[in-house]
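One structure is given here, and the rest of the page talks about it.
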Amino acid sequence: MTAYNLGALLYEGKAKRVFATDQPDLVAVEYKDDATAFNALKKAQLAGKGQLNCRISALLFEHLAARGIPTHYLGVEGSRWMLARPVRVIPIEVVIRNVAAGSLCKQMPIAPGTPLEPPLLDLYYKDDGFGDPLLTEARLEHLGLVTPDQRRQLEELARQVNRELLALFDSVGLQLVDFKIELGHTASGELVVADEISPDTCRLWDRAVLDSQDRILDKDRFRQDLGGVVEAYGEVLKRVQGACPPPRVYR
């Protein structure tokens, strides 16, 4: 028997719904089967995608927690539900790129597949209405989203996540090309990793495959109409579940 009752829908995004519960320090997150790309201009329903992303995210949150990185994650319930601490999400998407790919190669004269050392960290304003624009230092200061000290904390936490995920994925034969995360503050003011970490938010390539399309095990399979999206996500799950602590079942 669960120790909470589901409450009102607080937020619905492209891939998840967040519900209040009768406990003020607990929210329930439902992972949907919806697939979107290009700011939701491309949409589809992929059966099983929500379940896979929920389980992969839970495993990766467990892995980060075991290494001292704070997250909003508390446990899972069923196949597609995650329990988490309520977080005031900072409206900034943090993107870390280890290898040049995607939009970066359209915006800068960098060939796809070029290693980036040190990794490139970019901040984007989280607002679909404006197309999630890149934040320059001057724009960030003008918007007043974070103080200079909070920005340093945010960027250092993101770099810690990158170091841990790089090592984890490398150990299971995957290359972490890039990823985006969202961060926020709990009621006590702690800065934590929130949202999800999954093939929807990470570019992952199979290190054993040379073909530039066949190696893709992430959302680019949907973006590029390559097919096999759910199968690719399933392969990621199969690999990481052998290298991470099992997800906690919330009680």
message = For a salt bridge (charged side-chain N to carboxylate O under 4.0 Å, His left out) check, start with the C-alpha distance between R239 and D206, then their side-chain angles and the critical distance, and finish with the verdict.
response = CA-CA 11 Å; R239 297 199 193 188; D206 189 335; 2.8 Å; yes

task = Quick one: do E156 and R163 satisfy salt bridge (charged side-chain N to carboxylate O under 4.0 Å, His left out)? Show the steps, please.
result = CA-CA 11 Å; E156 178 52 33; R163 288 192 290 269; 3.1 Å; yes

request  = Report the C-alpha separation of D128 and K14 in whole Å, then their side-chain angles, then the decisive distance to 0.1 Å, and conclude whether the salt bridge (charged side-chain N to carboxylate O under 4.0 Å, His left out) test is met.
outcome  = CA-CA 11 Å; D128 288 344; K14 300 184 187 77; 2.8 Å; yes

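For the pair E231 and R221, the salt-bridge criterion is not met [side-chain N within less than 4.0 Å of a carboxylate O]. Checked for salt-bridge contact, R203 and D178 meet the test: a charged N lies under 4.0 Å from a carboxylate O. Using a cut-off of 4.0 Å between Lys/Arg side-chain N and Asp/Glu carboxylate O, R215 and E235 are scored as not salt-bridged.
T186 places no side-chain N or O within donor-acceptor distance of the main-chain N or O of V87, the cut-off being under 3.5 Å. Side-chain atoms of K219 do not come within 3.5 Å of backbone N or O of A35 as any donor-acceptor pair. The backbone N or O of S198 lies less than 3.5 Å from no partner atom in the side chain of N53, so there is not a single donor-acceptor pair. Between the side chain of N98 and the backbone N or O of L176, at least one donor-acceptor pair lies under 3.5 Å. A donor-acceptor distance shorter than 3.5 angstrom exists from the side chain of T21 to the backbone of L26, with no hydrogens or angles considered.
In plain terms, the two heavy atoms of L204 and D218 that are nearest each other are N-OD2, 2.8 Å. Here the closest non-hydrogen pair linking W205 and A101 is CZ2-CB, 4.3 Å. When all heavy atoms of M82 and A58 are compared, the closest pair comes out as CE-N, 3.7 Å. Closest approach of P245 and L59 over heavy atoms only: O-CD2, 3.4 Å.
Ring planes of Y125 and F130: tilted class, angle from 30 to 60°.
Within the 4.5 Å cutoff, the side chain of D195 has no heavy atoms near those of the V89 side chain.
Atom CG of residue D34 and atom NZ of residue K16 lie 11.0 Å apart, to the nearest 0.5 angstrom. With values rounded to the nearest 0.5 angstrom, R207 atom CZ is found 4.5 Å from Q175 atom CD.
Annotation: cation-pi geometry not satisfied between K49 and Y233 (NZ/CZ under 6.0 angstrom from ring centroid, within 45° of ring axis).
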